[in-house]
Amino acid sequence: MSVDKTAILFPGQGAQAFGMGRALAESDSDIMDLWKKAEKISSLPLREIYWESDDNNLMAETRNLQPAITVVNTSLWLTSAGKVTPAAAAGHSLGEFSALAAAKVLDIDSVLELVSLRGRLMSEVDPDHLGTMCALIRVTQEQVEAVVKEIAEQSGKLVRLANKNTPVQFVISGHRDAVLEAAEKIKDAAPRSKAVPLAVSGAFHTPMMAEAAAEFTRLLDSKDWHDAAFPIYCNVNGAPLTAAEELRSVMRRQMTSSVCWIETVANQWRDGVRRWIEFGPQGVLTRMVRPILTGEGAADGSYATVHIPNKEALEAFEG
């Protein structure tokens with residue numbers, strides 16, 4: 001399969017795993033230095049948390065997870081250098097910053113500063129736990145949109161479609177009571193559906209993140225942005241961008257906007273991508289490709305997905 005039709009993908013929150021990145025770092029001093037740099041920038045003991053503690057709650061904590069996942073994603077990509085010439089990139093929520101690093105839009109130090117601040121702000125923005133998120137499975141977008149509109153109008157509270165992951169998997173976000181009511185009401189519209197509350201510190205990808213986003217934007221705007229080495233298909237609308245100023249502009253909106261992952265992958269397919277390679281611990285995004293492309297009418301065998309989670313997979317990968 002031609003490498004000029006390859007997209008690289010980077011996951012975000014929820015893709016963490018105990019021990020992630022350890023074997024690669026212990027075999028490569030440059031990668032170990034990257035972990036140390038992330039620890040210095042974030043002022044967090046990331047290796048202790050992800051390599052020693054085995055504490056799921058600690059590993060899922062937003063302020064810890066954001067710099068740690070970014071180090072793993074970028075380590076895997078950097079170590080694969082020369083094996084892949086991507087035609088495009090994308091990252092899911094937090095993972096979009098790994099995509100910016102891979103495409104040389106921002107240098108790795110800037111990305112680590114940004115995700116460290118992003119993680120801290122998102123963990124602190126809702127100290128009273130007024131907001132939350134919930135994943136909905138085996139539903140349609142139309143069912144979700146109808147329910148959240150009804151609940152928002154009836155309650156006067158914020159609830160919105162925050163993540164469009166696949167044609168049967170969505171995430172809603174907003175005020176806790178409204179989100180839980182919407183999740184319960186979805187069962188009437190889709191009896192086979194499943195609602196999974198997410199262990200998050202707030203209503204991510206909604207206007208409830210506006211205060212955090214305003215502070216984050218000040219650091220975002222201070223960085224030196226460059227045109228992308230290859231198009232990045234952006235969360236905010238699923239469209240490809242390469243110009244530095246356009247990427248900076250869209251990233252200002254990312255924290256408060258929905259994640260349009262269905263559009264992202266579908267647009268890559270329409271633009272000729274036929275292989276998706278995910279650099280990250282769990283293979284979250286490669287599992288989303290098939291249901292999205294099924295909705296596009298793509299037949300099995302007309303595309304490929306590859307997941308690169310660790311040192312062993314990197315060594316086996318031939319490009």
Side-chain angles (χ1 to χ4, degrees), residues 10-26 31-78 91-101 106 108-129 131-133 135 162-163 171 173 196-205 208-209 211-213 215-216 219-220 235 254-255 259 278-285 309-310:
F10 298 96
Q13 197 149 332
Q16 67 273 11
F18 176 66
M20 63 183 187
R22 183 170 190 167
L24 184 59
E26 290 179 344
I31 300 304
M32 186 66 79
D33 287 344
L34 192 58
W35 277 95
K36 292 175 182 177
K37 179 178 290 187
E39 289 178 333
K40 183 177 181 180
I41 289 172
S42 66
S43 300
L44 295 168
L46 301 176
R47 288 171 294 169
E48 180 181 332
I49 292 168
Y50 291 92
W51 297 357
E52 305 292 346
S53 72
D54 199 14
D55 183 329
N56 289 330
N57 291 330
L58 195 60
M59 289 191 291
E61 197 169 301
T62 299
R63 72 171 67 234
N64 301 328
L65 188 153
Q66 298 213 11
I69 283 284
T70 303
V71 170
V72 176
N73 292 351
T74 53
S75 295
L76 292 165
W77 165 248
L78 290 170
H92 191 281
S93 189
L94 167 67
E96 199 157 27
F97 290 90
S98 298
L100 291 170
L106 292 169
I108 188 62
D109 286 34
S110 295
V111 166
L112 289 174
E113 287 180 46
L114 286 165
V115 298
S116 295
L117 177 62
R118 187 179 187 270
R120 179 178 67 79
L121 291 171
M122 291 174 75
S123 68
E124 295 175 352
V125 71
D126 185 9
D128 297 322
H129 305 292
T132 194
M133 304 178 77
N163 291 42
V171 176
S173 183
V196 182
L198 301 183
V200 293
S201 55
F204 302 163
H205 295 290
M208 292 179 75
M209 291 290 110
E211 182 180 342
E215 182 173 345
F216 180 71
L219 181 62
L220 191 82
N235 284 193
Q254 194 231 37
M255 200 183 294
V259 177
E278 179 178 359
F279 294 91
Q282 294 276 22
V284 174
L285 302 180
N310 51 35

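The figures here come from the full heavy-atom set of this structure, side chains too, leaving out hydrogens, waters and symmetry mates. What you see is a predicted model; the values in this text were computed from it and never measured. All residue numbers refer to positions in the sequence shown, counting from 1.
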Kindly compute the distance separating [atom1] ([X]) from [atom2] ([Y]), expressed to the nearest 0.5 Å.
X      : Y      : atom1 : atom2 : result
Ile108 : Trp77  : CD1   : CH2   : 13.0 Å
Asp126 : Thr132 : CG    : OG1   : 9.0 Å
Ser98  : Leu106 : OG    : CG    : 11.5 Å
Leu46  : Trp51  : CG    : CH2   : 9.5 Å
Gln66  : Ser116 : CD    : OG    : 9.0 Å
Phe10  : Glu278 : CZ    : CD    : 9.5 Å

Residues two or more places apart in sequence or in another chain: which of them pass side chain to side chain contact (heavy atoms under 4.5 Å, CB included) with Asn56?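 Only Met59 meet the side chain to side chain contact (heavy atoms under 4.5 Å, CB included) criterion with Asn56.
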
Stepwise side-chain contact (heavy atoms from CB on, under 4.5 Å) check, Arg47 with Met32: CA-CA 10 Å; Arg47 288 171 294 169; Met32 186 66 79; 3.6 Å; yes

Heavy-atom distance under 4.5 Å between the side chains of [X] and [Y], does that happen here?
X      : Y      : result
Ile41  : Pro67  : no
Asn64  : Tyr50  : yes
Thr62  : Phe204 : yes
Ser42  : Leu117 : no
Ser93  : His205 : yes
Leu34  : Leu112 : yes
Arg120 : Glu215 : yes
Asn163 : Met133 : yes

What pairs meet the salt bridge (Lys or Arg N to Asp or Glu O under 4.0 Å) rule with one or both residues in residues 49-60, with sequence neighbours excluded?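 Qualifying pairs, neighbours excluded: Arg22-Glu52.
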
Is it the case that more than 12 heavy atoms not belonging to Glu211 sit under 6.0 Å from its CD atom?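 Not buried by this count: 12 neighbours or fewer within 6.0 Å.
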
Say whether, by atom type as modelled, one donor and one acceptor occur between the side chain of Gln16 and the main chain of Leu65 under 3.5 angstrom.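 It does not hold such a pair.
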
Quick one: closest heavy-atom pair of [X] and [Y], and the distance?
X      : Y      : answer
Met208 : Ala203 : SD-CB, 3.6 Å
Ser201 : Ser123 : OG-CA, 3.4 Å
Leu76  : Gly280 : CD1-N, 3.5 Å

Residue pair Gln13, Met122: steps toward the side-chain contact (heavy atoms from CB on, under 4.5 Å) verdict: CA-CA 12 Å; Gln13 197 149 332; Met122 291 174 75; 5.5 Å; no

Test log, rule side-chain contact (heavy atoms from CB on, under 4.5 Å), inputs Phe216 and Met209: CA-CA 10 Å; Phe216 180 71; Met209 291 290 110; over 6 Å; no

Using side-chain contact (heavy atoms from CB on, under 4.5 Å), reason through Gln282 and Met20 one step at a time and then give a plain yes or no. CA-CA 9 Å; Gln282 294 276 22; Met20 63 183 187; over 6 Å; no

